[in-house]
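Presented below is the structure to which this report refers.
All figures in this text were calculated on a predicted structure; none of them were measured in a lab. Just so we're on the same page: letters track the sequence lines, and every chain starts at 1.
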2 protein chains.
Amino acid sequence: MTDKKKLTLKDIGKALNLSVSTVSRALKAHPDIAQETIDLVKKYAEEHHYVPNLLAINFRKNRTFNIGLIVPELVHHFFSTVISGAISEANKQGYNILVSQSNDILKDEEKASRAMLNSSVDGLLISISNETTVGEHLKEFLDEGKAVVQFDKVTEQLPTPMVIVDDFDGAYNAVSHLIEQGYQRIAHIRGRIDVKNACDRYEGYIKALEDASLPILDHLIKPCIAITEEEGYQFTKEMMEGKNPPDAIFCITDVVAFGAMKYLKEKGIAIPEEVGLVGFSNWMVSRVMSPQLTTVNQHGFQMGVEAAKLLLDMIKNQDIAYQETKILKTELIVRASSQKK
Amino acid sequence: MTDKKKLTLKDIGKALNLSVSTVSRALKAHPDIAQETIDLVKKYAEEHHYVPNLLAINFRKNRTFNIGLIVPELVHHFFSTVISGAISEANKQGYNILVSQSNDILKDEEKASRAMLNSSVDGLLISISNETTVGEHLKEFLDEGKAVVQFDKVTEQLPTPMVIVDDFDGAYNAVSHLIEQGYQRIAHIRGRIDVKNACDRYEGYIKALEDASLPILDHLIKPCIAITEEEGYQFTKEMMEGKNPPDAIFCITDVVAFGAMKYLKEKGIAIPEEVGLVGFSNWMVSRVMSPQLTTVNQHGFQMGVEAAKLLLDMIKNQDIAYQETKILKTELIVRASSQKK
DNA sequence: CTGTTAGCGCGTTCAC
DNA sequence: GTGAACGCGCTAACAG
């Protein structure tokens with residue numbers, strides 16, 4: 001590796017017999033500087049491939065042009081889509097993105113956020129872990145005067161703007177669609193009780209049933225803990241083998257629906273004829289299952305873009321107090337698994 | 001609420017009537033400093049939540065404790081798995097990871113790498129785009145004396161260490177497995193001719209046929225350009241409708257195999273009885289298809305870990321010249337789509 | 001043992 | 001128009 005000495009303002013000054021400050025000003029075409037000087041300096045800089053030392057600039061201005069992004073899981077279709085959107089927007093505005101994951105473990109999230117807080121980041125985009133409730137480590141960010149935007153999995157305990165999906169509405173539409181298709185005994189394999197998204201979807205489910213004057217049956221509501229295929233399989237088995245089994249299942253997410261589908265197929269129960277199935281999130285898997293899974297698309301890319309925009313706005317206008325909550329509409333994607341008619 | 005302004009060494013010095021340098025040394029328990037002083041300073045720093053200004057440190061030491069990571073696509077099961085591994089290892093060693101994507105477009109890759117080069121990164125992990133051949137923008141990294149490690153999609157034009165999968169071996173095993181199952185006319189929907197991975201897999205395919213004394217049939221070898229489901233569908237259609245159709249298809253990747261499967265199912269061609277199918281990469285979709293897809297697992301997480309380790313080794317021992325190439329073995333995952341017997 | 005001094009590269013006074 | 005000087009926070013060489 002060749003150690004190429006980097007050109008500095010001082011070097012240029014020496015070469016051109018100018019002072020450092022003149023060179024500095026010339027490069028940004030300061031009005032005080034003579035046009036000839038400006039041209040001269042710019043030409044020299046160009047020819048010798050002068051690159052300003054970002055480290056020095058950042059140090060002086062106390063900012064890094066980096067923003068942090070923490071998600072529960074990186075290997076996850078929805079989250080990677082969000083990240084993709086955030087990176088796209090950030091890059092457009094001249095920022096880079098530092099990515100970390102919490103694995104849904106509070107300790108890991110704290111470690112990641114502290115690692116970023118130590119001045120390597122101007123602001124933070126975060127989707128909190130299942131274990132995060134208060135978020136002391138995130139308050140540290142705010143205390144330092146750094147911008148934070150929450151997205152998707154959020155907590156109201158933290159006074160920051162957020163970008164979320166209209167989970168209530170998405171669930172409501174999904175369940176209403178099932179009802180419209182003629183299903184009457186609709187089960188819900190839901191998420192954790194302490195997670196906002198899961199609750200919103202649950203509420204949407206309940207509301208849809210109520211609006212259609214369908215009874216709410218407690219034994220058809222099952223709570224996942226880890227949100228896995230296995231849970232989907234297990235709960236479906238329990239319900240189908242119990243009495244008064246459901247004729248449709250609305251699952252908190254596509255993987256869970258896959259577990260449910262697996263059980264139904266094993267038992268030769270026809271989808272959608274005997275049991276209808278709807279997932280949530282529009283993972284790539286939902287298109288690949290057979291029958292293809294009806295699901296709720298969350299526009300992850302757009303969420304990433306919006307979250308990044310919001311954060312960068314805040315960073316650039318420190319004075320403004322943002323408290324905005326952007327709610328993105330979902331889109332029901334109807335496929336074979338729920339089309340009885 | 002903590003103090004709004006950050007505590008500096010100078011502040012501590014003033015408060016304790018010590019010089020800045022003494023404080024600095026005390027905090028790192030320099031042997032020259034009296035134990036009492038060390039204790040005193042440390043206690044004060046602790047109580048007042050002193051956090052060293054990383055920006056200043058980095059500026060002075062000319063490094064950032066960040067490493068860059070560029071992949072063709074972020075929303076991609078394999079790559080996100082690699083990233084996950086790289087982040088895990090980097091964090092362990094006190095580094096953060098800056099992520100960007102090229103979308104398989106050379107221009108985007110150049111932009112991303114330049115954005116990172118500008119002193120926001122100590123080294124780079126990259127999986128090059130389909131369009132990258134020479135990699136002038138990557139040479140700039142090397143010229144600046146920054147470490148670069150290539151992984152998965154690499155070019156030999158660039159003298160850097162790499163971490164790759166044994167694509168040849170993986171393909172060889174996959175095709176040998178098909179042969180063992182009794183398939184005789186094995187097609188290959190391959191990747192681009194100018195991409196190394198694709199060629200290695202192709203070679204493995206050829207070698208397996210040769211070793212089994214099976215003929216190589218040109219009309220059963222089809223080259224994808226964009227590596228999509230549509231191409232898989234189209235090529236399979238062409239081959240199945242042409243004369244001397246294949247009785248098995250080895251696909252460059254799982255999505256392509258999904259396209260192939262889609263066509264076969266539409267036409268009522270039985271998998272694996274009439275046509276066997278094998279993919280590559282072990283995406284989550286491969287488990288969800290029905291029949292489940294036989295595929296080649298690439299140990300993405302491990303690849304990320306190895307690549308990060310290599311890069312950090314280089315960063316930490318600037319003097320050592322690394323030219324290592326780590327080749328990770330693959331693992332054939334046999335599922336229903338290829339089990340004729 | 002501890003303090004003084006001298007930068008790192010840049011931008012921003014304030015003089016001339 | 002331009003230059004000199006200072007400081008951002010920290011480290012390291014050199015004194016004492």
Starting from P on D:dC10, measure out to CZ on B:R60 and report it in whole angstrom. 12 Å
Could you walk me through whether B:S21 and B:S24 satisfy the side chain to side chain donor-acceptor pair (under 3.5 Å) test, starting with their C-alpha distance in whole Å, then the side-chain angles of each, then the deciding distance to 0.1 Å, before giving a yes or no? CA-CA 5 Å; B:S21 54; B:S24 167; over 6 Å; no
Go through B:D194 and B:N130 one step at a time and tell me if the side-chain contact (heavy atoms from CB on, under 4.5 Å) criterion holds. CA-CA 8 Å; B:D194 53 357; B:N130 279 334; 5.9 Å; no
Salt bridge flag under 4.0 Å for residues A:E144 and B:K6: yes
When the distance from CG of B:L16 to C1' of C:dT2 is rounded to whole Å, what number comes out? 14 Å
So with a 6.0 Å cut-off around CD of B:E47, is the heavy-atom count from everything else above 12? yes
If you check the B:A56 side chain, which of D:dG9, C:dG3, D:dG7 turns out closest? D:dG9
Dump the intermediate steps for side-chain contact (heavy atoms from CB on, under 4.5 Å) on A:I164 and A:D152, then the final yes or no. CA-CA 5 Å; A:I164 52 179; A:D152 195 52; 5.9 Å; no
Kindly state which residues belonging to residues 41-50 of chain A come within less than 4.0 angstrom of DNA chain D, counting heavy atoms of the residue only, listed by number. none
OP1 or OP2 of C:dT2 under 4.0 Å from side-chain N/O of B:T22: no
Taken to the nearest 0.5 Å, the spacing of A:S102 OG from A:D108 CG works out to 7.0 Å
Looking at B:K326, I want to see if its NZ is surrounded by more than 12 non-hydrogen atoms of other residues, nucleotides or ligands under 6.0 Å. yes
Whole angstroms only, please: what is the CD1-P distance between B:I57 and D:dT11? 5 Å
Ignoring the backbone of B:T8, work out which of C:dG3, C:dG9, D:dC10 is nearest its side chain. D:dC10
If you round to the nearest 0.5 Å, how far is CD1 of B:I128 from CE of B:M162? 9.0 Å
Rounded to 10°, the angle between the first-five-pair and last-five-pair axes of the helix from C:dC1-D:dG16 to C:dC16-D:dG1 is 50°
Near DNA chain D, counting only heavy atoms under 4.0 Å, which residues of residues 24-40 of chain B show up? B:S24, B:R25, B:K28
Any side-chain N or O of B:K10 below 4.0 angstrom from OP1/OP2 of D:dC8? yes
Under 4.0 Å between a side-chain nitrogen and a carboxylate oxygen: does that hold for A:K146 and A:E140? no
Would you kindly give the CD1-to-C1' distance between B:I12 and D:dG9, to the nearest whole Å? 12 Å
Passing candidate, side-chain hydrogen bond (donor to acceptor under 3.5 Å, both in side chains) with B:T160, options B:E324, B:K139, B:Q323, B:Q150: B:Q150
What is the distance, rounded to the nearest whole Å, between atom CG of B:L9 and atom P of C:dT2? 16 Å
Base, sugar-phosphate, or nothing: which does A:S21 touch, judged by heavy atoms less than 4.0 Å apart? base
Just call it for B:D11: base, sugar-phosphate, or nothing, with non-hydrogen atoms closer than 4.0 Å on any strand. nothing
Check the distance between C:dC8's C1' and B:L55's CG and give it to me in whole angstrom. 13 Å
Check this for me: does any side-chain nitrogen of one of A:K153 and A:D104 sit under 4.0 Å from a carboxylate oxygen of the other? yes
Distance check needed: C:dG11 P versus B:F59 CZ, whole Å only. 11 Å
Stepwise side-chain contact (heavy atoms from CB on, under 4.5 Å) test for A:Y95 and A:L312: CA-CA 9 Å; A:Y95 278 72; A:L312 292 173; 3.7 Å; yes
Length of the line joining B:L54:CG and D:dG9:P, which is rounded to integer Å: 14 Å
